[in-house]
Amino acid sequence: MTFQAPKGTFDWLPPRSEQVLAVREALVAPVRRAGYGYVETPVFEDTQLFARGVGESTDIVTKEMYTFPDKAGRSLTLRPEGTASVVRAVLQHGLHTGQLPVKLWYSGSQFRYERAQRGRYRHFWQVGAEALGAEDPALDAELIVLAARGFSSLGLRNVTLLLNSLGDGNCRPAYRAALQEFLRGLDLDDETRARVEINPLRVLDDKRPEVQARLGGAPLVADHLCAACKAYHEEVRALLTAAGVAFEDDPRLVRGLDYYTRTTFEFTHGGLGSQSAIGGGGRYDGLSEMLGGPPLPSVGWALGVDRTFLAMESEGLLGDAAPGRVQVYGVALGDDARRRMFLLVAELREAGVSADMAFGGKGLKGAMKGAGRSGARYALILGERDLAAQAVQVKDLTTAEQTEVPLARVVEVLKGKVQ
Ligand code: AMP
C-alpha cells in the first residue's frame with residue numbers, strides 16, 4: 001500500500017507549484033511596496049490564544065481546530081488563521097511601544113478541520129496583512145485598496161468587494177439586543193438558538209438557505225450605527241471611491257470571527273461556486289485587550305491563495321504552457337564529457353543562467369528527450385570528439401539550428417543569448 005495525502009489536503013506539483021508561488025508573491029507585492037514588514041510566527045501556538053483570540057463561539061474554535069497535547073502536556077493548536085498570532089507576537093516583543101501603526105504581512109499554511117470540498121481544504125495557504133495601533137479610516141481604506149490591487153495585478157476581473165460596518169462598543173450592544181430579540185422569535189434549530197444567545201451577529205453569517213430564508217426582516221447594523229461609526233464608515237467608503245475601488249454595501253456581512261469591529265469586508269469571486277470568498281478582513285479594535293494587551297485598534301486581512309488560484313483558473317489566466325524549468329540543458333556522451341558537463345552546468349548557474357543536465361547515464365536519444373521536456377531553449381551537446389577539440393555544440397531547440405562554440409567561451413555566449 002502506498003500513502004495518500006490526508007483528506008482535505010493536496011500537493012502542489014510543478015508546473016502549478018511554480019505558478020502558485022508567483023500568485024503568492026503578486027498578492028503581497030502591493031503591501032510590501034506600502035512599507036509593511038514581513039513577520040513569521042510559529043505554525044502552532046498555545047490553544048488558548050486561538051480560543052480567546054478567534055472566539056469561543058466560532059466554528060473554528062468549537063469544531064475545526066487541530067489541537068494536541070505536546071510531550072509535556074501543553075495544549076497546542078495548529079494555527080487556523082494568522083491574526084491572533086501576529087497580535088501575540090507584537091505584544092510579546094513590544095512592537096506596539098514604537099511607532100504606530102505597526103504594519104506587518106505574512107504568508108503561510110493554515111489548518112482547519114473543515115468539511116473538505118473544492119475550494120475548502122483542511123490545509124490551505126493564506127497571505128495576510130495587519131496594521132496595528134491606529135484608528136484611522138485611511139488605514140482601513142489603504143488595506144482594502146492594497147488587497148484589490150493584488151487581485152487586479154493577477155488579471156482577475158470577476159472579483160466583488162463587499163463592505164460593511166459592524167459598529168463598535170458604543171452602538172453594537174443595542175444592535176445586538178435588537179437582533180437577538182428578532183432571532184428569538186424565529187423557528188431555529190437548537191444549535192442556532194444557542195448561537196443567538198452567545199453571538200447573534202454570526203447567525204446572519206449562516207450560509208444555510210433555510211436559515212437565510214428566515215432572516216428577511218432582521219434589523220440591520222447600518223440602521224443602528226452611532227454617529228462616530230457612521231462618519232468613520234462614510235470616510236472609508238469615500239476613500240475607496242476616490243481610489244477607484246468599486247464595492248458593494250452588504251449590510252449582512254458579518255464574517256466568521258468574533259473579533260471584528262467597524263469595517264468588515266470580503267472579496268468574492270464569481271467563478272468559484274459556493275466557496276466564493278477569496279479574501280476578507282476588517283477592523284479588530286478589541287483583540288489586543290482580549291489577549292491581555294493594551295487597547296490597540298487594528299485592521300487587517302487574509303487572502304486565500306488556493307482559492308485565488310482557482311479563481312485565476314476559472315478566468316483562464318494560468319495558460320497551458322508549462323514555463324521552462326531551465327534555460328539550458330546539457331547532454332554529454334561518455335564519462336569524460338559527463339564530468340566536464342557537470343562543471344559546465346555549475347559555471348552556467350554561477351553566471352545566472354538556469355541549467356540542468358541529463359543524469360542516469362542515458363544515451364543521446366533519451367538525453368535529448370530530457371532536453372525537450374525541460375523546456376530549455378538551448379541544448380549543449382558534448383561528445384568525446386567535441387571534448388578533444390575543446391568545443392561544445394549549442395543547439396537551439398526551437399529552430400534545431402546547431403553551432404559549435406569553444407568551451408572557454410560557451411558560458412559567455414549563452415549568457416548573451418538568454419538574457
Ligand atoms: P478567513 O480567515 O476565514 O477570513 O479566510 C480568509 C480567506 O482564506 C478566505 O476568503 C478564503 O479565501 C481562505 N480560506 C478560508 N478557509 C479556507 C479553507 N478551508 N480552504 C481554502 N481557503 C480558505
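Counting convention: from 1, in listed order, for ligands and their atoms alike. Index from 1, following the sequence.
At a 4.0 Å heavy-atom cut-off, ligand 1 touches R120 through backbone and side chain alike. Of the heavy atoms in Y121, both backbone and side-chain atoms come closer than 4.0 Å to ligand 1.
Among pairs with a residue in residues 145-186, those fulfilling ring pair (Phe, Tyr, Trp, His ring centres under 6.0 Å) read F151-F267, Y175-H224, at least two apart in sequence or across chains. Listed by first then second residue, pairs satisfying salt bridge (charged side-chain N to carboxylate O under 4.0 Å, His left out) with a partner in residues 25-54 read E45-R88, not counting sequence neighbours.
With 3.5 Å as the limit, one finds no donor-acceptor pair spanning the side chains of Y66 and R79. S276 and T268 form no side-chain donor-acceptor contact under 3.5 Å, judged by distance and modelled atom types alone.
Residue-ligand proximity, G279 to ligand 1, at heavy-atom distances under 4.0 Å covers atoms 10 (O), 12 (O). Residue contact check: Q126 has heavy atoms under 4.0 Å from atoms 1 (P), 2 (O), 5 (O), 6 (C), 7 (C), 8 (O) of ligand 1. The ligand atoms of ligand 1 that sit less than 4.0 angstrom from a heavy atom of G119 are 20 (N), 21 (C), 22 (N). Within ligand 1, the atoms closer than 4.0 Å to a non-hydrogen atom of G304 are 7 (C), 8 (O), 12 (O), 13 (C), numbered from 1 in the order shown. The atoms of ligand 1 that sit less than 4.0 Å from any heavy atom of A277 are 9 (C), 10 (O), 11 (C), 12 (O). Short contacts between ligand 1 and A302, defined as distances under 4.0 Å to a heavy atom of the residue, involve ligand atoms 6 (C), 7 (C).
Not a single heavy atom of P80 sits under 4.0 Å from any atom of ligand 1. At a 4.0 Å cut-off, at least one heavy atom of I278 sits close enough to ligand 1 to count as contact.
Ring pair F10/Y121: centre-to-centre distance below 6.0 Å. For W12 and F309, the gap between ring centers is short of 6.0 Å.
Nearest-heavy-atom check against atom 3 (O) of ligand 1 across Q117, R112, E114, H269 picks out R112.
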